[in-house]
Amino acid sequence: MISLRRPPEWWHRADVTIRDLPIGLLCIAASFLPGFYGTQIGNLPHRPLDALAFVAIALECFPLAVRRRWPAVCLALVSVGFAIDQIRGYHSFAGTALPIALLSVGAHLERHRRTAAIAFSVAYVPLAITLIRLDSGEPPIGFVTFYLAMVLAWGFGAWLRSTRVADAERRSRIAEDTRTAERTRIASELHDVVTHHVTAMVVQAEAARYLTASPDRLDQTLTAVSDTGRRAITDLRHLLDLLNPDHGTEDRTPSVGRLLTLVEQTRRAGQPVEFTEEGTPAESTGSADLVAYRVVQEALTNALKYAHGSRTSVQVRHAEREITVEVSTDGSGSRAASPGGSGRGLAGLRERVDVLGGDFSAGTQKAGGFVVRARIPAGSLS
């Protein structure tokens, strides 16, 4: 069975000239039907259709097929046909093509718009003078009114054009904002993944220097470095998969359940971490799982870099509509020798939490160390 949607889709893909041609054909057909009369200026007596009438009707109707592709050419030909129609007194229905042509010029003419408007206005003057000399009986105010009506048609087309341009600009801005937001999101993901794993590897490699006299512990440390590198590669591949449009949507978001693996990795890097998870995760958390995971990841990365060896606490609480995360150090360790941070990680986390309508804070504690807190609404965004 043929779908009813197929003809509109085919019609939409057709050339614009093909789609506009039926308008001209309808005007031609209506011009030969009894009782159908078009635009009339003055009171010249009706003249029966003759050979010249066919020429006038053709000039008025067929150019409508190119009203969007070549609007200026369309208006010029339609105007000539309209002038013949009025001067000869045919007053055919084809005369309605003039306002259509004017509307099309206002909507689709891209260049020399002012020149086209002046040319049409100048050409209207001899037509009005000719009709007056033929004793059409039309007062001057009638010619002015008709001209203003044609200007209105042009103005309506110009309004349609400005609306179309504004809509295109709006969609372009939305697309650019979307691309910028996506680039920012990817940059944040790369920062989180690379910074955490590389920091862990640097700390583990530094510790390996002092374990040359203990082969077993050295072997464990180097194994931990290798495992961290493999996890970094896995996470980077996962992130690159997100850029592939053919990649499925399943397993894209690190769940809070993976936090235990993250904590264990940090422990193996020499950071004593106490992990507590309370409550039951909601069935639908949207992006909250990912944000919670990144908060813990960034906080543990900072603990490794700036409070290496300090006792660290990770607390995750699940409620019906939110996830609460708190990561803190007690300042008992010593600062690791590592490069300074740019603050981009915490700023990115704050933006992510704010987007979901949550609360985020990070700072030092009075007793020493630092604390990162986040309240993340669950199910806000997917």
Could [X] and [Y] be called an ion pair, given the rule that one side-chain N must be under 4.0 Å from one carboxylate O?
X      : Y      : answer
Asp359 : Arg373 : no
Asp167 : Arg164 : no
Arg69  : Asp20  : no
Glu110 : Arg161 : yes

What are the two closest non-hydrogen atoms of [X] and [Y], and how far apart are they?
X      : Y      : value
Pro377 : Gly358 : CD-CA, 3.5 Å
Ser361 : Arg350 : CA-NH1, 4.5 Å
Asp85  : Ala56  : N-CB, 4.3 Å
Phe93  : Ala30  : CD2-CB, 3.3 Å

For this session: Determine whether more than 12 heavy atoms belonging to other residues, nucleotides or ligands lie under 6.0 Å from atom CD of Glu176.
Result: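 Result for CD/Glu176: enclosed.
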Exercise. Does Ile129 sit in a hydrophobic cluster with other residues, and if so which ones, taking ILVMFWY side chains as linked at heavy-atom separations under 4.5 Å, directly or through other members?
Worked result: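 Other cluster members: Val125.
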Would you say [X] and [Y] make side-chain contact, with heavy atoms under 4.5 Å?
X     : Y      : result
Pro99 : Met150 : yes
Phe62 : Leu25  : yes
Leu26 : Ile23  : no
His91 : Arg47  : no

Answer yes or no: is there a donor N or O on one side and an acceptor on the other, between the side chain of [X] and the main chain of [Y], under 3.5 Å?
X      : Y      : result
Glu322 : Arg375 : no
Gln365 : Thr329 : yes
Ser172 : Ala168 : no
Arg267 : Pro272 : no

Exercise. Taking only residues two or more places apart in sequence or in another chain, which ones pass side chain to side chain donor-acceptor pair (under 3.5 Å) with Glu169?
Worked result: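 None.
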Is [Y] reachable from [X] through a run of I, L, V, M, F, W or Y residues, each pair having side-chain heavy atoms under 4.5 Å apart?
X      : Y      : value
Trp70  : Val80  : yes
Val78  : Ile28  : no
Leu64  : Ile57  : no
Phe275 : Val295 : yes
Leu300 : Phe360 : yes

For this session: Would you check if the distance from the ring center of Phe54 to the ring center of Tyr90 is below 6.0 Å?
Result: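 Ring centroids of Phe54 and Tyr90 are no less than 6.0 Å from each other.
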For this session: Examine Phe146 together with Phe82 and report whether their ring centres are nearer than 6.0 Å.
Result: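 Yes, they do, as the ring centres are separated by less than 6.0 Å.
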Exercise. Testing Val372, Val327, Thr276 for side chain to side chain contact (heavy atoms under 4.5 Å, CB included) with Val314, which one passes?
Worked result: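 Checked Val372, Val327, Thr276 against Val314; only one passes side chain to side chain contact (heavy atoms under 4.5 Å, CB included): Val327.
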Exercise. So, Arg67 and Ser104: side-chain donor and acceptor under 3.5 Å apart, yes or no?
Worked result: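 The answer is yes; a qualifying pair exists.
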For this session: Applying side chain to side chain contact (heavy atoms under 4.5 Å, CB included), run through Ser310 and Gln271 and close with a yes or a no.
Result: CA-CA 7 Å; Ser310 294; Gln271 190 77 2; 4.3 Å; yes
